[in-house]
Amino acid sequence: MAALPKAFYARPDVVAVSRELLGKRLCTKLNGGVTKAIITETEAYAGIDDRASHAYGGRRTARTEPMYADGGTAYVYLCYGIHHLFNVVTNVEGIPHAVLIRAAIPAEGEMLMLRRRQKKSVDKALLGGPGSLSKALGITTRLTGESLWSERIWIEDTGIVPDVSKIKAGPRIGIDYAGEDAARPYRFILTQ
DNA sequence: CGAATGATATACT
DNA sequence: GTATATCATTCGA
């Protein structure tokens with residue numbers, strides 16, 4: 001495998017990292033099975049300046065602790081009591097920047113994904129949202145704080161650089177409580 | 001469109 | 001230590 005180097009995540013521009021994660025391959029190896037998926041949608045969370053971030057204003061709690069870690073750490077958070085949301089921590093230690101992975105398309109281990117989601121056929125809904133994506137890949141909060149070159153979870157470089165014209169930017173979703181910051185164009189979508 | 005669902009944060013005793 | 005409000009969503013009417 002060709003896992004992305006730490007230098008990819010450690011850069012200061014979380015928005016650039018988010019954009020460049022599009023087209024990369026998110027891989028997990030859990031319960032003996034390997035699943036891989038091409039990332040198609042991401043959102044940036046710019047730490048203390050961003051009301052939508054859990055770390056807004058420098059808040060630091062047991063839950064958000066992994067966000068303050070070095071770039072290349074996984075931050076998994078349980079939302080609405082049901083959904084596990086997977087984020088990639090960027091920047092250097094002490095700066096709580098992260099990228100939420102919102103959607104992907106299956107690349108390997110489709111059968112395992114279908115079993116985890118209790119579905120029969122591969123369709124858009126299989127990896128169509130942050131909660132669904134995590135469930136299909138078997139990601140849970142126990143992976144929070146794990147580094148992205150571990151045995152259990154990593155992101156590979158596919159060698160493919162998506163055409164810039166296929167990348168769309170837009171406002172983030174589901175964070176209306178964030179006021180003005182909700183409108184920031186921090187969401188990136190890879191169109192097909 | 002609206003309910004489900006539980007860990008977490010925050011404000012209390 | 002205990003209580004209550006809140007939430008980076010999904011699924012089924």
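Lettering follows sequence order; numbering is per chain, from 1. Predicted, not measured: the structure shown is a model, and the values here were computed from it.
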**Request:** Decide yes or no on salt bridge (charged side-chain N to carboxylate O under 4.0 Å, His left out) for A:K36 and A:E156, but give the supporting numbers first.
**Result:** CA-CA 9 Å; A:K36 303 190 179 185; A:E156 292 176 355; 3.1 Å; yes

**Message:** Using a heavy-atom cut-off of 4.0 Å across all strands, would you classify A:R172 as base, sugar-phosphate, or nothing?
**Reply:** nothing

**Fill in**
note: A:I82, atom CD1; C:dT9, atom P; distance rounded to Å ~ 12 Å

**Fill in**
With the side chain defined as heavy atoms from C-beta on, A:T61 is closest, among C:dT10, B:dA9, B:dT5, to B:dA9

**Complete:** Taken to the nearest whole Å, CZ/A:R63 to P/B:dA7 is 13 Å

**Prompt:** Could you give the CG-to-P distance, from A:L133 to C:dC11, as a whole number of Å?
**Reply:** 12 Å

**Prompt:** Between B:dT8 atom P and A:M67 atom CE, what is the distance in whole Å?
**Reply:** 14 Å

**Asked** Distance check: side-chain N/O of A:R117 vs OP1/OP2 of C:dT10, anything under 4.0 Å?
**Response** no

**Request:** Determine the contact category for A:F86: base if any of its heavy atoms lies under 4.0 Å from a base atom, sugar-phosphate if only primed atoms, P, OP1 or OP2 are that close, otherwise nothing.
**Result:** nothing

**Nucleotide B:dT5, atom C1' - distance to NE2 of A:H83 in whole Å** = 9 Å

**Prompt:** B:dA7 C1' sits how many Å from A:H54 NE2, rounded?
**Reply:** 12 Å

**Request:** Please state how far atom OH in A:Y77 lies from atom P in B:dA9, giving the value in whole angstrom units.
**Result:** 8 Å

**Request:** Using a heavy-atom cut-off of under 4.0 Å over every strand shown, decide if A:L100 touches base, sugar-phosphate, or nothing.
**Result:** base

**Asked** Between A:S150 and A:R152, is any side-chain donor less than 3.5 angstrom from a side-chain acceptor?
**Response** no

**Item:** G-U wobble or Watson-Crick pairing nucleotide for C:dT10 (cut-off 3.5 Å, both distances)
**Value:** B:dA3

**Request:** Please tell me if the side chains of A:V89 and A:D70 come closer than 4.5 Å, counting only heavy atoms from C-beta onward.
**Result:** no

**Request:** Remember a base hit wins even if backbone is also touched, and classify A:T141 as base, sugar-phosphate or nothing at under 4.0 Å, heavy atoms.
**Result:** nothing

**Asked** Whole Å only: how far is the CZ atom of A:R59 from the C1' atom of C:dC7?
**Response** 11 Å

**Message:** Counting the atoms with a prime plus P, OP1 and OP2 as sugar-phosphate, which does A:I175 contact under 4.0 Å by heavy atoms, base, sugar-phosphate, or nothing?
**Reply:** sugar-phosphate

**4.5 Å side-chain heavy-atom contact, A:P130 and A:E43** = no

**NZ or CZ of A:R19 within 45° of A:F188 ring axis and under 6.0 Å** = yes

